[in-house]
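Every chain is numbered from 1 and lettered A, B, ... according to where its sequence line falls, protein lines coming before strand lines. From a predicted model like this one, the values you see are computed outputs, not experimental measurements.
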Number of protein chains: 2
Amino acid sequence: MLLLLTYVNETNLNKGFDSIYFLKRRKMARNKIQKKTAYHHGDLRGQLIKAARDLIEQHGPDGFSMSDACRLAGVSTAAPYRHFSSKQDLLTEVAMDGLRRLGAEMEKQASDYPRGTVPSIAAIGRAYVSFAIREPHTFRLMFSTEPHSGRIDEVKQVGMGSYGVLLREVALYLSEQDITEAVLRTAFPLWSQVHGLSFLSIDGKLEVTDFPVDVDEAILIATEKLLPPHPPGQKA
Amino acid sequence: MLLLLTYVNETNLNKGFDSIYFLKRRKMARNKIQKKTAYHHGDLRGQLIKAARDLIEQHGPDGFSMSDACRLAGVSTAAPYRHFSSKQDLLTEVAMDGLRRLGAEMEKQASDYPRGTVPSIAAIGRAYVSFAIREPHTFRLMFSTEPHSGRIDEVKQVGMGSYGVLLREVALYLSEQDITEAVLRTAFPLWSQVHGLSFLSIDGKLEVTDFPVDVDEAILIATEKLLPPHPPGQKA
DNA sequence: AACATATGTTAGCAACAGTAACATAGTTAG
DNA sequence: CTAACTATGTTACTGTTGCTAACATATGTT
């Protein structure tokens, strides 16, 4: 008890970090009531990822600084390194989180339509591009390789999980039982199309001419053209 | 003359920058012979762009530092700011240079085939993806908006110049005299396709499954599917 | 030769990523 | 209940970076 008081006083004298310490005291009190949800800070790891997500969407991955995230979370600049080995490591976490959310949204949007049809596949495309437009910086981060060096396999696996949503839908369209080569050959151009459309959208290339591109229409038309004509006598 | 010697000596004593000064002396001599191509350094501006290009391709736009470029060019870290208002400004220059080279290559590749045909349009796509694979970091830089804030219009214009290569080719295919709305509606999905393919390529997504994608084949097939069937009785 | 301009230099700033040494809170073993 | 152990914070620091200010030098012009 004596030690605690000494420490706090010393710190308050040294620098003007009172606010942080008051914050901390409040959180500690709350944690006691909430029956210890976490250690000192209360899920600093989670809050840092959240802070990073917010900051990245505001200023881009380049404009994002570890220091800013620390300020937002109310901790010292050294604290994050107990949870993430580096800034890149934190960014990788944000990227994988984004990939999972993207997969979930594609699945959800597809489920509004009869499975394995042009509309359900187009819905996946719209979910994809929507995500990119809603969170352009996170989207860019999700698909760039450089920042995730060392954990590429991990990211790739999460990404494949989301790609699987499209693959399954295409397999249904083709009436294939498995993810066969035919499914892959059909799905990839679709991915490529919406991926390109996403990047062109977030980089402001839809309005380079006098005829701005209607994203949803573009997705639907391209989907119809890129999918093989439906095998006769199958599906509705 | 006395002043020059004094300056050089002083500098050599102060820091170990002898090599730089020898370099400089050599260049000054050469410039004299070449009849003053430039001021002190000899086209520092051009060399910085070149250095930036090299460094960006080696370590990515993020890994690129102004200091590195200075070391490569053999000048102090303050020198670049006589030619570029900021690091971003230099990057913008590299991006526009890349856009121009891309346009030139697309034009060149297309010219190997009968104009306004599937092969010539596919050739443009191959040139596009080839560029991305050859200079992935520059390619990313060319199409990202953030770094070029303040000069977006300039970049957009250069980009449109290159896009025009595709537009003209599609116009020929459609037998349109101008860049009509039909041309734009046909060309955009093609752009989108190769743009997406480019990003997926440089981000290592061609090998996510057991059936790696053949880029050239993918371009050709998608081009055929996305182009409208050729109007009967026209072209060869 | 004198001046103006363009282009370089040194020195220094603030922001940042990351580390080392230390302090404190929670967990577990005795 | 305490002692050790571990997890999670802190301060203080280092080296790098982008950029600026003040100054020096080279070139071109009158």
Side-chain angles (χ1 to χ4, degrees), chain A residues 1-17 20-21 23-25 27-29 31-32 35-48 55 59 62-71 73-91 147, chain B residues 1-8 10-15 17 20-21 23-25 27-28 31-32 35-45 47-48 62-71 73-91 147:
Chain A
M1 181 59 84
L2 178 67
L3 281 173
L4 176 71
L5 286 174
T6 315
Y7 181 65
V8 169
N9 282 335
E10 196 181 299
T11 313
N12 283 346
L13 283 174
N14 280 344
K15 303 248 168 172
F17 280 166
I20 288 180
Y21 274 83
L23 252 172
K24 204 172 158 186
R25 296 278 282 282
K27 257 173 202 146
M28 281 159 59
N31 284 345
K32 233 186 223 166
K35 290 184 177 168
K36 54 177 178 180
T37 52
Y39 287 84
H40 304 68
H41 186 92
D43 190 29
L44 175 57
R45 186 190 154 87
Q47 274 192 246
L48 281 173
L55 287 170
H59 314 107
D62 293 5
F64 162 75
S65 80
M66 217 61 167
S67 313
D68 282 342
C70 290
R71 268 185 284 275
V75 295
S76 72
T77 61
Y81 296 94
R82 297 290 173 194
H83 303 275
F84 307 97
S85 66
S86 68
K87 181 186 178 181
Q88 291 197 345
D89 196 35
L90 172 53
L91 292 181
Chain B
M1 182 56 90
L2 178 66
L3 281 173
L4 176 71
L5 285 175
T6 314
Y7 181 64
V8 170
E10 196 181 300
T11 313
N12 283 345
L13 283 175
N14 281 342
K15 304 249 167 169
F17 281 165
I20 290 179
Y21 276 82
L23 253 172
K24 204 172 159 187
R25 297 276 283 280
K27 255 169 205 153
M28 282 158 59
N31 284 344
K32 233 186 228 166
K35 291 186 178 168
K36 55 177 177 178
T37 50
Y39 288 83
H40 304 70
H41 186 92
D43 188 29
L44 175 57
R45 187 190 153 85
Q47 275 192 246
L48 281 173
D62 293 5
F64 162 74
S65 81
M66 217 62 165
S67 314
D68 282 342
C70 291
R71 269 185 283 275
V75 294
S76 73
T77 61
Y81 296 93
R82 297 292 174 194
H83 303 276
F84 308 97
S85 65
S86 66
K87 181 186 177 181
Q88 291 197 345
D89 196 36
L90 172 53
L91 292 181

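Rounded to whole Å, atom C1' of D:dG18 lies 14 Å from atom CG of B:L48. Atom CZ in B:F84 sits roughly 13 Å away from atom C1' in C:dT7 (whole-Å rounding). Protein atom CG of A:L44 is 15 Å distant from nucleotide atom C1' of C:dT24, rounded to whole Å. If you measure from atom CG of B:L91 to atom C1' of D:dG18, you get 12 Å, rounded to the nearest angstrom. Look at CG on B:D62: it is 14 Å from C1' on D:dT17, rounded to the nearest Å. Remark: P of C:dA17 and CG of A:L55 are 11 Å apart, rounded to the nearest angstrom.
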Give each protein N/O atom lying under 3.5 Å from an N/O atom of nucleotides 18-22 of chain C, with the pair distance.
unit_1, atom_1, unit_2, atom_2, d
C:dG18, OP2, A:Y81, OH, 3.1
C:dG18, OP2, A:K87, N, 2.7
C:dA21, N6, A:R82, NH2, 3.3

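Separating the CG atom in A:D43 from the NE2 atom in A:H83 is a distance of 8.5 Å, to the nearest 0.5 Å. Between the CD atom in B:Q47 and the CG atom in B:L44 there is a gap of 7.0 Å [rounded to 0.5 Å]. Atom OH of residue B:Y81 and atom OG of residue B:S76 lie 10.5 Å apart, to the nearest 0.5 angstrom.
Using a 4.5 Å heavy-atom threshold, the side chains of A:R45 and A:L48 count as separate.
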Q: Could you please spell out the steps behind the side-chain contact (heavy atoms from CB on, under 4.5 Å) verdict for B:L90 and B:K87?
A: CA-CA 5 Å; B:L90 172 53; B:K87 181 186 177 181; 5.7 Å; no

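Between A:R71 and C:dC16 there is a side-chain polar atom (N or O) within less than 4.0 angstrom of OP1 or OP2.
When all heavy atoms of B:P80 and B:T77 are compared, the closest pair comes out as CD-O, 3.5 Å.
Taking the side chain of A:S65 as heavy atoms from C-beta on, and the options C:dA17, C:dT9, D:dT10, the nearest nucleotide is C:dA17. Of all nucleotides listed (D:dT10, D:dT8, D:dT17), D:dT17 comes nearest to the side chain of B:D68.
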